[in-house]
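Some notes on the structure that comes next.
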2 protein chains.
Amino acid sequence: MQQEHIQKEFIWHFGEMGSRWGINRTVGQIYALLFLSHKPLCADDMCDALGFSRSNVSMGLKELQSWNLVRRREIERDRREHFEAPEDLWKIVRTLIAERKKREIDPTLSKLRELSLEADGNDTHANRRISELRDLIESLTQFYDKMERIETERLVELIKAGSKFSKLISATDKIIPLSRTRRNRKEN
Amino acid sequence: MQQEHIQKEFIWHFGEMGSRWGINRTVGQIYALLFLSHKPLCADDMCDALGFSRSNVSMGLKELQSWNLVRRREIERDRREHFEAPEDLWKIVRTLIAERKKREIDPTLSKLRELSLEADGNDTHANRRISELRDLIESLTQFYDKMERIETERLVELIKAGSKFSKLISATDKIIPLSRTRRNRKEN
DNA sequence: CAGCCGTTTCAGTAATTTCTGAAAATCAAG
DNA sequence: CTTGATTTTCAGAAATTACTGAAACGGCTG
């Protein structure tokens with residue numbers, strides 16, 4: 001059936017992409033399944049739907065919880081733990097960004113701070129590169145912290161009204177907006 | 001020696017983080033080495049410095065080139081190919097974002113478009129979720145394209161002047177949907 | 001076009017990561 | 001405390017990914 005096929009494809013795709021997103025196939029598929037589901041699922045449901053072992057699902061859920069991507073949800077008259085993916089997609093995006101920053105940026109920033117300290121005084125090319133990189137990441141991090149404080153609705157507004165925004169940036173200075181470049185037709 | 005230790009740590013850290021960044025240890029270390037180096041290096045230099053096999057380095061460089069993270073650079077009176085990491089860190093960041101988008105977002109957007117088409121009409125929960133997700137990614141992508149067109153200097157200004165920026169967002173309060181900009185009253 | 005110098009490919013191996021089943025732990029109810 | 005239902009842990013198996021050395025390739029230069 002068509003409908004089933006769509007779900008299968010979606011789940012399969014999340015599995016495939018999982019590795020590029022820094023999680024693994026199993027975790028990707030579990031998340032996809034929860035994401036599409038209209039009701040919370042328990043681990044057994046997921047085993048059935050995906051054909052993984054019980055323990056694999058258990059590990060996957062643990063991982064997803066550590067990313068704050070799924071929530072426990074009590075179901076009455078059922079002792080088993082159930083899980084669901086949050087409704088609000090923009091919230092999910094924020095969570096993802098926060099978690100990736102935590103895993104991919106923060107450890108490097110600490111390391112760079114540490115090395116900058118050690119390098120104290122010694123003005124070599126490598127040390128300059130390192131502190132340049134530290135500065136950059138500090139700036140990005142500070143910027144992120146500011147954005148983090150803004151309510152989701154407002155950020156969404158901003159993103160959706162992108163044109164307004166980029167015009168605004170151009171307006172910061174007297175630069176002439178890029179003209180649409182003529183495209184060269186390329187017959188290959 | 002202190003200085004050597006710092007470089008070693010930096011390179012080691014990039015190796016460790018590599019897997020979280022979607023590249024592997026070797027590639028991470030090669031990049032780190034190039035990043036710190038004050039002059040372009042050839043593959044043999046890298047083998048010596050990192051203790052990898054020649055072929056491993058060759059693969060690594062290929063990967064880095066596919067990410068646009070290193071550049072070939074001719075060295076006179078030396079037939080061997082040399083490589084360097086671009087100077088401008090902000091450019092590097094932009095490259096990274098562009099490449100990650102290409103690998104992590106674009107394939108999913110295509111898939112979601114495809115599935116949305118297939119789902120045509122059928123108003124199930126799963127289909128709604130899918131098209132909601134597609135919409136979100138379309139918005140983000142469009143926003144990204146706008147940012148992409150702005151010159152680096154300007155974006156850096158913006159990021160560094162984050163406070164100005166977030167004030168501005170709060171000021172947009174009752175934003176008027178799409179189309180014409182209207183003068184912002186900056187009384188906030 | 002032969003010889004040299006350097007690069008890339010590739011099949012096999014090594015290392016790492018993921019997945020499983022069995023056993024241990026947890027917990028609610030009697 | 002005991003039972004039974006559920007979840008977690010973990011050692012080893014399976015799968016995947018990374019690395020190597022040898023051989024093939026490419027392209028100057030005389």
Side-chain angles (χ1 to χ4, degrees), chain A residues 11-34 40-67 69-84 103-104, chain B residues 11-34 40-67 69-84 103-104:
Chain A
I11 291 170
W12 174 257
H13 178 83
F14 267 55
E16 288 299 278
M17 295 300 286
S19 44
R20 300 198 195 178
W21 297 335
I23 58 178
N24 66 36
R25 182 182 314 256
T26 314
V27 176
Q29 297 193 195
I30 293 175
Y31 185 71
L33 183 67
L34 285 171
L41 300 178
C42 72
D44 293 321
D45 297 337
M46 303 180 210
C47 292
D48 290 349
L50 303 171
F52 300 144
S53 73
R54 189 59 190 48
S55 51
N56 200 1
V57 169
S58 175
M59 301 283 223
L61 286 169
K62 206 170 130 193
E63 173 94 358
L64 285 171
Q65 282 173 286
S66 86
W67 279 77
L69 283 172
V70 302
R71 255 197 312 249
R72 285 177 133 111
R73 174 77 175 280
E74 298 293 310
I75 292 295
E76 48 181 303
R77 31 184 70 268
D78 193 337
R79 234 170 86 182
R80 295 172 301 180
E81 281 188 313
H82 287 65
F83 297 87
E84 65 180 5
R103 289 164 172 76
E104 300 179 5
Chain B
I11 290 170
W12 174 257
H13 179 83
F14 267 56
E16 287 301 277
M17 296 300 286
S19 43
R20 298 197 196 181
W21 297 334
I23 58 179
N24 66 35
R25 182 183 314 256
T26 314
V27 175
Q29 296 194 195
I30 293 175
Y31 185 73
L33 183 67
L34 284 171
L41 300 178
C42 70
D44 292 322
D45 296 337
M46 303 181 210
C47 292
D48 290 350
L50 304 172
F52 300 143
S53 74
R54 187 62 187 58
S55 50
N56 199 1
V57 169
S58 174
M59 301 281 224
L61 286 170
K62 208 169 128 193
E63 173 95 357
L64 286 171
Q65 283 174 286
S66 86
W67 280 77
L69 283 172
V70 302
R71 255 197 311 250
R72 285 176 133 111
R73 174 76 176 280
E74 299 292 309
I75 292 295
E76 47 181 303
R77 28 186 72 268
D78 193 337
R79 236 171 85 182
R80 295 172 302 181
E81 282 189 313
H82 287 66
F83 297 86
E84 65 181 5
R103 289 166 172 74
E104 301 178 5

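Any value given below was found using the heavy atoms of this structure, including those in side chains, with hydrogens, waters and symmetry copies removed. Here is how names work: the chains are called A, B, and so on, in the same order as the sequence lines, proteins then strands, and each is numbered from 1.
Comparing A:G51 and A:R79, the nucleotide of DNA chain C nearest to each residue sits closer to the 5' end for A:G51. Between A:S19 and A:M59, the residue anchored nearer the 5' end of DNA chain D, judged by the nucleotide with its closest heavy atom, is A:M59. In this structure, A:S58 and B:I23 both approach DNA chain D, and ranking their closest nucleotides by distance from the 5' end singles out A:S58.
As rounded to whole Å, 18 Å separates atom P of C:dA14 from atom CZ of B:F52. The separation between A:R25 atom CZ and D:dA15 atom C1' is 10 Å, rounded to whole Å. The separation between B:R80 atom CZ and C:dC4 atom P is 18 Å, rounded to whole Å. Rounded to whole Å, atom C1' of D:dC19 lies 15 Å from atom NZ of B:K62. Distance, A:R54 CZ to C:dC19 C1': 14 Å, rounded to whole Å. Summarising the geometry, the separation between CG on B:N24 and P on C:dT17 is reported as 11 Å, rounded to the nearest angstrom. A straight line from CD of A:E63 to C1' of D:dT9 spans 16 Å, rounded to a whole angstrom. Between B:F83 atom CZ and C:dG6 atom C1' there is a gap of 12 Å when expressed in whole angstrom units.
Taking only side-chain nitrogens and oxygens, B:S55 never comes nearer than 4.0 Å to OP1 or OP2 of C:dT9.
Applying the 3.5 Å distance criterion, the base of C:dG21 shares no donor-acceptor pair with the side chain of A:S53.
A:D48 places no side-chain N or O within 3.5 Å of a backbone atom of A:D45 that could act as its donor or acceptor partner. With hydrogens and angles disregarded, a donor-acceptor distance shorter than 3.5 Å links the side chain of B:R20 to the backbone of A:R103.
Using a 4.0 Å heavy-atom cutoff across all strands shown, B:N56 reaches at least one base atom of the nucleic acid.
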| Between A:E16 and A:R25, is a side-chain contact (heavy atoms from CB on, under 4.5 Å) present by the stated rule, with each step listed? | CA-CA 6 Å; A:E16 288 299 278; A:R25 182 182 314 256; 2.8 Å; yes

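Counting heavy atoms from C-beta outward, B:I23 and B:W67 have side chains that approach closer than 4.5 Å.
By the neighbour-count criterion of 12 heavy atoms within 6.0 Å, atom CH2 of A:W21 is densely surrounded, having more than that number from other residues, nucleotides or ligands.
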